[in-house]
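Report on the structure given below.
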Protein chains: 2
Amino acid sequence: MTDPGHSPRERYRTQVRADIKRHAWEQIATAGVSALSLNAIAKLVGMSGPALYRYFASRDDLITELIRDAYRSLADTVAAAAKDGADLSGLAWVIRDWARADPQRYFLIFGTPVPGYHAPDDTTAIAAEVMAVLLDAGELLPAGEPATPLETHLDAHRAWIYDHPATGSAIRRALTFWTRLHGILSLDLAGQFANMDLDLDLLIAEEIDALRKH
Amino acid sequence: MTDPGHSPRERYRTQVRADIKRHAWEQIATAGVSALSLNAIAKLVGMSGPALYRYFASRDDLITELIRDAYRSLADTVAAAAKDGADLSGLAWVIRDWARADPQRYFLIFGTPVPGYHAPDDTTAIAAEVMAVLLDAGELLPAGEPATPLETHLDAHRAWIYDHPATGSAIRRALTFWTRLHGILSLDLAGQFANMDLDLDLLIAEEIDALRKH
DNA sequence: AGTGATAGTTATAAGTTCTAACTATCGCGA
DNA sequence: TCGCGATAGTTAGAACTTATAACTATCACT
């Protein structure tokens, strides 16, 4: 048989792939994904241009893998926080920190979409992991008296949360947590709050706190 | 004197510039800003490659002008709605429609930032126009009893709204209107709600409605 | 030790932005 | 109406990019 999984060739290959990705992340962090150059990366890892195509079929292929890793990193971070007992507030701070650690990584997932590009299916599965954590956190809060129209709607269209038993109220809170936090984070990371001297944590805190009350 | 402003040369020049921008917008709408090719545009308007540099100093220069136009379009749209008496809800629908009309135009302003790129100063002035409208709309709502910590903070750090006399409560509502709506719109336009069968208008309505109550 | 898969090489094609150098055209003033 | 100067366009080319083709060296396993 060839390569049971840990042959020298295989180990070398995964090491070089990791090296390539490491340099790719550095480029993305400092100049954005549009400035990512396969040629430049190849030279940085010590090989010449086309050799890199032995490891990634194309530029899009490499970026897709980076997107996958970014999703994985976010899901793991959120899951770890949940395991440590974080509520919605705690999750908000964890996600804020994760986004700030590498804004371009955040935008790789949630930023400007490229028309025609479709994220691989497994990334939506990872996104569902994150959503499940948010749904769990949302369920810990008491639901309001009469369900709102949105809650009724979400309760009826629940296919995307798979078999999670969350109530309409919990789904609404999880969804709203997501949209509110993303709104704040993406505008902040994009520099739209520059020169506003805004206390972002105060804004996040009050927005998430409002979710607790409604 | 030369060119009082309406010489034949000048008129031809502005017409060609508009032509170039028109094709640029088409490219951006269908393939995103990263796929914008000066060469392709030049051929579409009937000139060969480098001739386009008579009209725009560089690719970045053209994009910057498109960003400026996008800001201008948004500000005009919002201002027109306000003149027609739109409240925060009405403004939300107008902005939603404006974003949907050309998602890539929306992302050109609010999408993934390019590290190192600084928007020209006049765009922040246009953004202030939009903010002024939101502040006006926020002032029409009654303020809650004790000001929240965020409202107190915003009241103290009000340099960015220039001389607008809005209260801390109004600033908070305008800011929150912006972050909430952007969170929803950007995730939707980016396709993050795909296959969720989500009634976006219901989500927007409840989020903006919650602002009225707090 | 030999051999076949793998990893690297260089050359090349077809793009891109953008500069340089040159030419043709257009419009204004005399 | 003629001429001249500013403007608009051209082609050539430099320095990049992604990506493929063809070839060679290396490495690990039988």
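To find a chain, count down the sequence lines: A is the first, B the second, and so on, and within it residues start at 1.
Shown here for B/Asp19 and B/Arg22, the closest heavy-atom pair between the two residues is OD1-NH2, 2.9 Å.
Put simply, A/Tyr53 has no side-chain N or O that comes within less than 4.0 Å of OP1 or OP2 on C/dT9. For the pair B/Arg13 and D/dA8, the criterion of a side-chain N or O lying under 4.0 Å from OP1 or OP2 is met. OP1 or OP2 of C/dT17 lies within a sub-4.0 Å distance of a side-chain N or O belonging to B/Asn39. Under 4.0 angstrom from either OP1 or OP2 of C/dG8 there lies at least one side-chain N or O belonging to A/Tyr55.
Taking atom CZ of residue A/Arg11 and atom C1' of nucleotide C/dA7, one finds them 17 Å apart after rounding to whole Å. C/dC18 atom P lies 13 Å from atom CZ of B/Phe56, rounded to whole Å. Taking atom CZ of residue B/Arg17 and atom P of nucleotide D/dG9, one finds them 13 Å apart after rounding to whole Å. Going from atom CG of A/Leu62 over to atom C1' of D/dT18 covers 13 Å, rounded to whole Å. Note: CD1 (A/Ile20) to C1' (C/dG8) measures 12 Å, nearest angstrom. Spacing between atom NZ of A/Lys43 and atom C1' of D/dA15 amounts to 11 Å, rounded to whole angstrom units. When the C1' atom of D/dA6 is taken as reference, atom CD of B/Glu10 falls 13 Å away, rounded to whole Å. Taking atom CG of A/Leu52 as the reference point, atom P of D/dT17 lies 13 Å away to the nearest angstrom.
Between D/dA28, D/dG9, C/dT16, one nucleotide has an atom nearer to the side chain of A/Arg9 than all others, and that is D/dA28. Among the nucleotides D/dC29, C/dG27, C/dA7, the one closest to the side chain of A/Pro8 is D/dC29.
Side-chain contact check for B/His157 and A/Asp199: no donor-acceptor pair (N or O, by modelled atom type) lies under 3.5 Å. Side-chain contact, B/Ser186 with B/Tyr106: no donor N or O sits under 3.5 Å from an acceptor N or O.
When heavy atoms are screened at a 4.0 angstrom cut-off, B/Leu36 is found touching the sugar-phosphate backbone but no base atom. A/Arg59 comes within contact range of the sugar-phosphate backbone alone, with a heavy-atom separation under 4.0 Å but no base atom that close.
Both A/Pro50 and A/Arg54 sit near DNA chain C, but only A/Arg54 has its closest nucleotide nearer the 5' end. Across the interface with DNA chain D, nearest-nucleotide mapping of B/Gly49 and A/Ser58 shows B/Gly49 to be the residue nearer the 5′ end.
Counting only heavy atoms from C-beta outward, the side chains of B/Arg59 and B/Ile63 approach each other to under 4.5 Å.
Figure legend: cation-pi geometry between A/Arg173 and A/Trp178 absent, as NZ or CZ is not positioned both under 6.0 Å from the six-membered ring centre and within 45° of its axis.
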